[in-house]
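Heads up, the thing below is written out as structure tokens.
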Amino acid sequence: MAGSARRGPYFCGIDAAMDVVAGKWKSLILWELHHHGTRRFAELRRGLPGVSEKMLIQHLREMEEDGLVHREVYRQVPPKVEYSLTEHGVSLNAALEALGQWGTERMRRIGAEKIEVADPAAA
């Protein structure tokens, strides 16, 4: 996957931004890491009901390549890997905040149901 980072050309800034958040799960991964901090793979998967292992791995690799997510590997038995947001990922989350507020208002306006996800740390 190395060297396959998306580099344009782009029509505008929105095009460039959407290039790194395209896909159903990337913005949700950003949200999960922002609200819960550093997470192990299994914690991320539990926090994102419906995501397949394959899709989560693919998105995390792309997000790491795009500089949004940091992957820390601890050399121990059993192996331990943790994911966290980089400064670049934090800044993207800040940019997406207005979009999230718009979506919350839309949910209210159309009467959409909000899915409640159990916090794995509370279990």
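Side-chain heavy atoms closer than 4.5 Å link hydrophobic residues (I, L, V, M, F, W, Y) into clusters, and following such links, possibly through other members, connects Val90 to Leu92. Using a 4.5 Å cut-off between side-chain heavy atoms of Ile, Leu, Val, Met, Phe, Trp and Tyr, with links allowed through other members, Leu96 and Trp25 fall into the same hydrophobic cluster. Criterion: ILVMFWY side-chain heavy atoms under 4.5 Å apart, direct or through other members. Under it, Leu28 and Val51 are part of a common hydrophobic cluster. Tyr74 is not connected to Leu60 by any chain of hydrophobic side-chain contacts under 4.5 Å among Ile, Leu, Val, Met, Phe, Trp and Tyr, and they are in different clusters. Under a hydrophobic clustering in which Ile, Leu, Val, Met, Phe, Trp and Tyr are joined whenever their side-chain heavy atoms come within less than 4.5 Å, directly or via other members, Leu56 and Val73 fall into the same cluster.
Looking at Phe41 and Val81, their side chains never come closer than 4.5 Å, going by heavy atoms from C-beta outward. In this structure, Leu68 and Ile29 have side chains that are not in contact, with every pair of non-hydrogen atoms separated by 4.5 Å or more.
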Which atom pairs, donor and acceptor, lie under 3.5 Å between side-chain atoms of residues 99-107 and protein residues at least two apart or in another chain?
from, atom 1, to, atom 2, distance (Å)
Thr104, OG1, Gly100, O, 3.0
Glu105, OE1, Arg108, NE, 3.1
Glu105, OE2, Arg108, NE, 3.3
Glu105, OE2, Arg108, NH2, 2.3

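Asp19 places no side-chain N or O within 3.5 Å of a backbone atom of Asp15 that could act as its donor or acceptor partner. A donor-acceptor pair under 3.5 Å is formed between the side chain of Glu43 and the backbone N or O of Arg40.
If you check the side chains of Glu72 and His70, you find a donor sitting under 3.5 Å from an acceptor. If you check the side chains of Tyr83 and Arg71, you find a donor sitting under 3.5 Å from an acceptor.
Atom CD1 of Ile110 has more than 12 neighbouring heavy atoms from other residues, nucleotides or ligands inside a 6.0 Å radius. When the shell of 6.0 Å around NZ of Lys24 is examined, it contains 12 or fewer heavy atoms from other residues, nucleotides or ligands.
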Passes side-chain contact (heavy atoms from CB on, under 4.5 Å), Lys26 versus Val20? Steps please. CA-CA 8 Å; Lys26 287 184 181 179; Val20 295; 5.9 Å; no
Given Thr38 and Leu33, is the side-chain contact (heavy atoms from CB on, under 4.5 Å) satisfied, shown in steps? CA-CA 6 Å; Thr38 301; Leu33 290 173; over 6 Å; no
Does Glu32 form a salt bridge (charged side-chain N to carboxylate O under 4.0 Å, His left out) with Arg39? I'd like the steps, not just the answer. CA-CA 9 Å; Glu32 180 74 14; Arg39 293 295 225 197; 3.3 Å; yes
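Under a 4.0 Å N-O distance rule, the pair Glu53/Arg45 qualifies as a salt bridge.
Closest approach of Asn93 to Leu30, counting heavy atoms only: ND2-O, 3.0 Å. Nearest heavy atom pair, residue Asp66 against residue His88, reads O-CD2, 3.5 Å.
Here NE2 of His34 is found 13.5 Å from OG of Ser27. Values are rounded to the nearest 0.5 Å.
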